[in-house]
Amino acid sequence: MFRSLRIFNYRIWFIGALVSNIGTWMQRTAQDWLVYDILTDQDATAMGIVMALQLGPQLLLAPWSGLIADTYNRRKVLLLTQVSMGALGLALGLLVLSGHAELWHVYAFALALGVVSAVDGPARQAFVSEVVSERDLPNAVALNSASFNGARMVGPAVAGLLTVAVGPGLVFVLNAVTFGAMVIALLKMRAGELRVLPKSPPGKGRIRAGLAYVRHRPDLVMVMLAIFIVGTFGMNFAIYIAAMARTEFGRDAGIFGLLNSVMAIGSVAGALLSARRDRPRLRFVFGASGAFGLACILSAAAPTLTLFALSLIPVGLFALTLMTSANAYVQTTTAQVMRGRVMALYFAIFMGGTPLGAPVVGWVSDSFGPRWSLGVAAASGLLAAAIGFVWAWRSYGMRFHYDRSLPRRLSMTTDSPEKLQDPDSA
């Protein structure tokens with residue numbers, strides 16, 4: 001489960017990322033509450049706009065950010081983006097502490113952070129393949145998710161307490177400091193132990209080549225379609241949790257942070273279970289989509305705060321299983337020279353759909369109540385699962401049947417084994 005940590009470079013990368021991720025979750029929690037309950041009167045639509053501005057650039061800049069990751073030294077690119085994000089967090093924190101912050105300021109900083117993150121994401125994902133071998137890459141991807149969501153167990157709870165005690169401004173400043181851990185980790189890596197991978201040769205048409213590569217891989221197209229549906233309408237957790245905590249149950253920022261931490265328990269479990277697998281498979285992508293939808297139905301129906309908190313654990317588990325399986329599948333089945341561009345497209349589809357989905361989900365919450373917004377999330381997971389399984393059935397001629405010799409076991413076979421070059425991948 002933790003085999004990638006035997007590698008020195010990955011070990012310090014993991015530690016630096018863990019510290020930085022704690023700060024990131026602290027800022028996310030404080031920013032959400034700043035918008036939802038301080039700068040507005042519990043306006044979920046405003047939260048959706050902030051999410052759209054922060055994630056929208058990943059959709060618009062994907063072709064160029066992927067090309068940057070495939071062309072330039074990824075370690076140097078990451079140093080630049082980490083310093084830039086730290087500076088933005090510090091500037092927003094000082095503005096809030098001065099008492100001059102307004103909603104449009106948060107919008108502007110969210111947009112600037114989104115532009116930097118659009119460059120950071122593909123470079124960060126592709127850089128992991130320089131740190132570990134291809135064999136260890138699925139494990140490293142899963143441990144990255146465990147780090148991100150392990151930080152989610154700590155960051156939101158700390159941010160919630162600090163926001164109640166001293167306000168969100170200090171939280172933003174602390175987040176800026178945590179970026180230093182990632183910068184130190186990148187500087188301390190042993191350059192001689194990093195893998196030298198092929199880079200995209202100079203010339204025209206490289207962006208079109210990346211798009212054509214994905215277009216001729218129907219399995220990647222279906223994974224990205226599932227990720228788009230769930231990422232756009234299902235994973236707007238800040239909106240759901242804030243609206244349920246404040247509007248439905250009448251609680252404060254401390255409970256909001258605690259609920260985020262509770263969901264992270266399931267997220268970490270999902271990441272660690274993914275780390276145990278030798279390689280990702282399509283069945284986990286589509287199966288987790290359906291399970292996520294069912295978990296969201298249970299969460300929407302929770303009658304009390306305690307039951308709602310407990311229901312967030314399976315929501316986090318299946319959401320993380322979906323994200324980790326999809327991420328690892330795309331990375332490990334993509335040619336190395338195309339990895340940056342394909343991962344940029346993947347994240348553009350996954351995160352860039354939020355500008356469309358977050359305002360819609362916020363409007364549903366404001367108009368019909370928070371529970372209905374969770375219903376939108378449930379529908380997205382079930383729809384993605386249905387599309388994925390129908391595609392697999394039609395493409396590979398799969399049939400489901402009951403095997404009497406193995407009670408309670410559902411078997412899956414294919415009428416056209418020649419269509420499925422690697423049956424285990426499905």
Side-chain angles (χ1 to χ4, degrees), residues 2 4-31 54 69 73-94 96-97 109 112-114 116-132 139-163 166 168-191 193-194 257 260-261 264 267-268 271-272 275 320 327 347:
F2 301 102
S4 294
L5 292 175
R6 296 174 302 187
I7 304 168
F8 172 80
N9 280 343
Y10 183 78
R11 192 159 58 246
I12 63 171
W13 163 273
F14 182 88
I15 295 172
L18 180 61
V19 175
S20 180
N21 286 334
I22 290 175
T24 297
W25 278 114
M26 289 174 61
Q27 171 152 324
R28 285 189 180 186
T29 303
Q31 178 178 282
Q54 192 163 316
N73 185 303
R74 292 164 183 160
R75 188 181 179 192
K76 293 180 179 179
V77 171
L78 289 173
L79 282 169
L80 180 61
T81 57
Q82 293 297 302
V83 171
S84 299
M85 287 191 284
L88 287 171
L90 178 61
L92 181 57
L94 294 177
V96 174
L97 287 173
F109 277 98
L113 183 61
V116 178
S117 298
V119 178
D120 180 84
R124 178 192 290 262
Q125 295 295 321
F127 181 66
V128 176
S129 61
E130 298 181 17
V131 180
V132 301
N139 177 257
V141 170
L143 290 180
N144 284 348
S145 295
S147 167
F148 186 71
N149 288 279
R152 190 176 188 174
M153 297 174 66
V154 179
V158 173
L161 294 175
L162 288 176
T163 300
V166 297
L170 181 61
V171 177
F172 298 144
V173 174
L174 291 175
N175 172 54
V177 174
T178 63
F179 279 104
M182 197 73 244
V183 172
I184 293 172
L186 288 166
L187 293 174
K188 290 292 184 181
M189 282 186 174
R190 298 170 182 169
E193 295 181 11
L194 294 173
N260 276 280
S261 296
S267 299
V268 171
L272 293 178
L320 225 290
N327 186 320
F347 274 98

Colleague: Of all residues at least two apart in sequence or in a different chain, which pass the side-chain contact (heavy atoms from CB on, under 4.5 Å) check with Val183?
Modeller: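 Val183: side-chain contact (heavy atoms from CB on, under 4.5 Å) contacts with Leu79, Gln82, Val83, Leu187.
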
Colleague: Minimum heavy-atom separation for Glu193 to Phe8, with atom names?
Modeller: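 In this case the closest contact between Glu193 and Phe8 is OE1-CB, 4.3 Å.
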
Colleague: For Arg11 and Leu5, work out which heavy atoms get closest and say how close.
Modeller: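 Nearest heavy atoms, Arg11 then Leu5: NH1-O, 2.8 Å.
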
Colleague: Please list, chain by chain and in numerical order, all residues satisfying side-chain contact (heavy atoms from CB on, under 4.5 Å) with Thr178, sequence neighbours excluded.
Modeller: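 side-chain contact (heavy atoms from CB on, under 4.5 Å) check on Thr178 returns Val19, Asn175.
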
Colleague: My understanding is that only residues two or more places apart in sequence, or in another chain, count here; which of them pass side-chain contact (heavy atoms from CB on, under 4.5 Å) with Leu113?
Modeller: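 Applying side-chain contact (heavy atoms from CB on, under 4.5 Å) to Leu113 gives Gln27, Gln54, Met85, Leu88, Ser117.
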
Colleague: Test side chain to side chain contact (heavy atoms under 4.5 Å, CB included) on Leu80 and Lys76; report intermediate values, then the result.
Modeller: CA-CA 6 Å; Leu80 180 61; Lys76 293 180 179 179; over 6 Å; no

Colleague: Who pairs with Ala30 by side-chain contact (heavy atoms from CB on, under 4.5 Å), at least two apart in sequence or on another chain?
Modeller: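 Testing Ala30 for side-chain contact (heavy atoms from CB on, under 4.5 Å), a comparison that skips the adjacent residues, returns Thr163, Pro168, Val171, Phe172.
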
Colleague: Would the distance check show the side chain of Arg190 and the main-chain N or O of Asn9 forming a donor-acceptor pair, the cut-off being under 3.5 Å?
Modeller: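 Pair absent, no side-chain N/O of Arg190 close to backbone of Asn9.
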
Colleague: Look at the side chain of Arg74 and the backbone N and O of Ala69, then say whether any donor-acceptor pair between them is shorter than 3.5 Å.
Modeller: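 Side chain of Arg74 to backbone of Ala69: a pair is present.
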
Colleague: Could I get the full list of salt bridge (charged side-chain N to carboxylate O under 4.0 Å, His left out) partners for Arg124, not counting sequence neighbours?
Modeller: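 Checked Arg124 against salt bridge (charged side-chain N to carboxylate O under 4.0 Å, His left out); matches are Asp120.
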
Colleague: Test of understanding: with side-chain hydrogen bond (donor to acceptor under 3.5 Å, both in side chains), list the residues that count as partners of Ser4, not counting sequence neighbours.
Modeller: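 Counting only residues at least two positions away or on another chain, Ser4 forms a side-chain hydrogen bond (donor to acceptor under 3.5 Å, both in side chains) with Asn139.
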
Colleague: Can you name the residues that form a side-chain hydrogen bond (donor to acceptor under 3.5 Å, both in side chains) with Arg6, not counting sequence neighbours?
Modeller: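 In terms of side-chain hydrogen bond (donor to acceptor under 3.5 Å, both in side chains), with neighbours along the sequence ignored, Arg6 is linked to no residue.
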
Colleague: Give me the atom names and distance for the closest heavy-atom approach of Val132 to Ala140.
Modeller: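 Closest approach of Val132 to Ala140, heavy atoms only: CG2-CB, 3.9 Å.
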
Colleague: Shortest non-hydrogen contact from Phe109 to Ala91?
Modeller: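 Heavy atoms only, the tightest pair is CE2-CB, 3.6 Å.
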
Colleague: Among all residues two or more places apart in sequence or in another chain, which pass the ring pair (Phe, Tyr, Trp, His ring centres under 6.0 Å) test with Phe127?
Modeller: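 Phe127 satisfies ring pair (Phe, Tyr, Trp, His ring centres under 6.0 Å) with Trp13 once adjacent residues are dropped.
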
Colleague: Apply side chain to side chain contact (heavy atoms under 4.5 Å, CB included) to the pair Ile7 and Phe14, showing each step before the final yes or no.
Modeller: CA-CA 10 Å; Ile7 304 168; Phe14 182 88; over 6 Å; no

